[in-house]
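Worksheet: one structure, shown below.
Every chain is numbered from 1 and lettered A, B, ... according to where its sequence line falls, protein lines coming before strand lines.
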Number of protein chains: 2
Amino acid sequence: MARTSGSHSEITGPRILEAALKLFAESGYAAVSMRKIASEVGVQVGALYNYTPDKQSLLFGLMRDHMEKLVAAWDQETRPDTPMARLEHFARFHVGYHHVRRDAVFIAYMELRNLTPENFAVIEGLRSTYEGKLEDILEEGARNGSFSVPDAKIASMALIAMLTGVNTWFRETGRLPLEEVQDIYWEMTRKAVTA
Amino acid sequence: MARTSGSHSEITGPRILEAALKLFAESGYAAVSMRKIASEVGVQVGALYNYTPDKQSLLFGLMRDHMEKLVAAWDQETRPDTPMARLEHFARFHVGYHHVRRDAVFIAYMELRNLTPENFAVIEGLRSTYEGKLEDILEEGARNGSFSVPDAKIASMALIAMLTGVNTWFRETGRLPLEEVQDIYWEMTRKAVTA
DNA sequence: GTTTTTTCGGAACAATTGTTCAATAACCGC
DNA sequence: GCGGTTATTGAACAATTGTTCCGAAAAAAC
């Protein structure tokens, strides 16, 4: 056989990315073979190489895409007037955005080791950019007296770790709806940075 | 050749565990071959199987050992009188203990996916046990009015995520000594759970 | 309807994987 | 220094890995 009936790059391409995202998140980059990805898509291994030069690019593409969209999404959010309101917006945005993109978030945090040094630097830069958004909010709030943070950089890392942690346990079928979880985490966030 | 001069199971055994710990932490379980571990120890692959039945047991043994020691170490700590003092002790202990065992902590959090279901259940149980220690403190403090936490379970997960996050960025050569970092994180922890 | 382009199957490649095992040399109690 | 025990080598195994490539079939262009 050769080209299959109904095959289209606009269909197969995204399906490969979806499959890779899902499988990398489930089992980890190194544990997922190109054949497993192909099988998930319903295609032979060779076909994957019409869409990616190699496995590493597949991973890097997914991670870069996620991080760029994350930064862009935050930049497009409304910007409330006060640091306090901006921090609340950030906390809720972070939890919500990360929740609906569990797999991509998981990969972006877990597969850094499997990136080549150059690719790692790119992702790390994007992560640093995003983290800087929170750091800026904390610094503004510290300056105008809204917050009490001795070190905005450390505080931003601490808060992001806490907020991102929601993904490790929250399930939509669980005890609480996401909105209540966001309320709780925002409350802890607010108290942690105020006097 | 056969047995090498100076070889001893009391020496090789621990060295294999050290090498596996280091390499798993560096590159991830799936990306580390048994040959790489052997090479790090300075031995041939076959020799590893005098010390572990298979690769999975090597990983599981490292993770279980770490988690059991973590729980035991906390149980042996002094138990201050008030929930507030106990929480402070926990925050500082957690950051300190995790810092000096970076590799084991990293593996215990990153390689859960590579455990068989039975092994996963064991590790998950130990993690839950440890987390329960913090949850208990928060609940006691909530009952006697020291803390203001609407949900001790969620709060404990949030705090552990925040505290564990220190490991992702703290380096001893960095700007601050660990003691100051512990001060900052304890301050955020305290404020996050008080009214 | 013919030609060009797009997309994929299927086989092949060398390299690497986890694991087993017989042979053998070093160690150690006597 | 002899004999049993312990620890390791080195080769071998089948299975799987990422990647390449050619031919062929479907789709698109004309």
Rounded to the nearest angstrom, tell me the gap between atom CG in A/L48 and atom P in D/dT20. 12 Å
Base, sugar-phosphate, or nothing for A/V41, non-hydrogen atoms under 4.0 angstrom? nothing
Please determine, for the side chain of A/V45, which listed nucleotide (C/dT19, D/dT8, D/dT19) has the closest atom? D/dT19
Length of the CZ-C1' vector between A/F24 and D/dG18, whole Å: 12 Å
Would you classify A/V43 as touching base, sugar-phosphate or nothing, given that sugar-phosphate means primed atoms plus P, OP1 and OP2, and contacts are heavy atoms under 4.0 Å? sugar-phosphate
Less than 4.0 Å between a side-chain N and a carboxylate O, is that true for A/E111 and B/R113? yes
Nearest whole angstrom, please: distance from the C1' of C/dT19 to the NZ of B/K55. 12 Å
Less than 4.5 Å apart, side chain to side chain, heavy atoms only: is that true for A/R102 and A/I107? no
Measure from the side-chain heavy atoms of B/Y49 and tell me the nearest of C/dC8, C/dT19, D/dG18. C/dT19
Please pick, from D/dA25, C/dC27, C/dT7, the nucleotide with the shortest atom-to-atom distance to any side-chain atom of A/A2. D/dA25
Parallel, tilted or perpendicular: which one describes the rings of B/Y130 and B/H94, with boundaries at 30° and 60°? parallel
Does D/dT6 have its OP1 or OP2 closer than 4.0 Å to a side-chain nitrogen or oxygen of B/S7? no
Can you check whether B/S33 has a side-chain N or O nearer than 4.0 Å to OP1 or OP2 of C/dT16? no
Under 4.0 Å between a Lys/Arg side-chain N and an Asp/Glu carboxylate O for B/E40 and B/K22? yes
Between C/dT7 and A/T4, is there an OP1 or OP2 to side-chain N/O distance shorter than 4.0 Å? no
Could you tell me how far apart B/M34 (CE) and C/dT20 (C1') are, to the nearest whole angstrom? 12 Å
What's the NE2-C1' distance between A/H8 and D/dA26, to the nearest Å? 9 Å
Within the modelled atom types, does a donor on one side and an acceptor on the other bring the side chain of B/R3 and the base of D/dT6 under 3.5 Å apart? yes
Need to verify one output field. Residue with the more 5' nearest nucleotide on DNA chain C, B/S5 or A/G42? A/G42
Round to a whole Å and report the spacing from OH of A/Y51 to C1' of D/dT19. 17 Å
Roughly, in whole Å, what's the span from CD1 in A/I11 to P in C/dT7? 10 Å
Without decimals, in angstroms, what is the distance between A/Q56 CD and D/dT17 C1'? 16 Å
Are the side chains of B/V43 and B/I37 in contact, using a 4.5 Å heavy-atom criterion? no
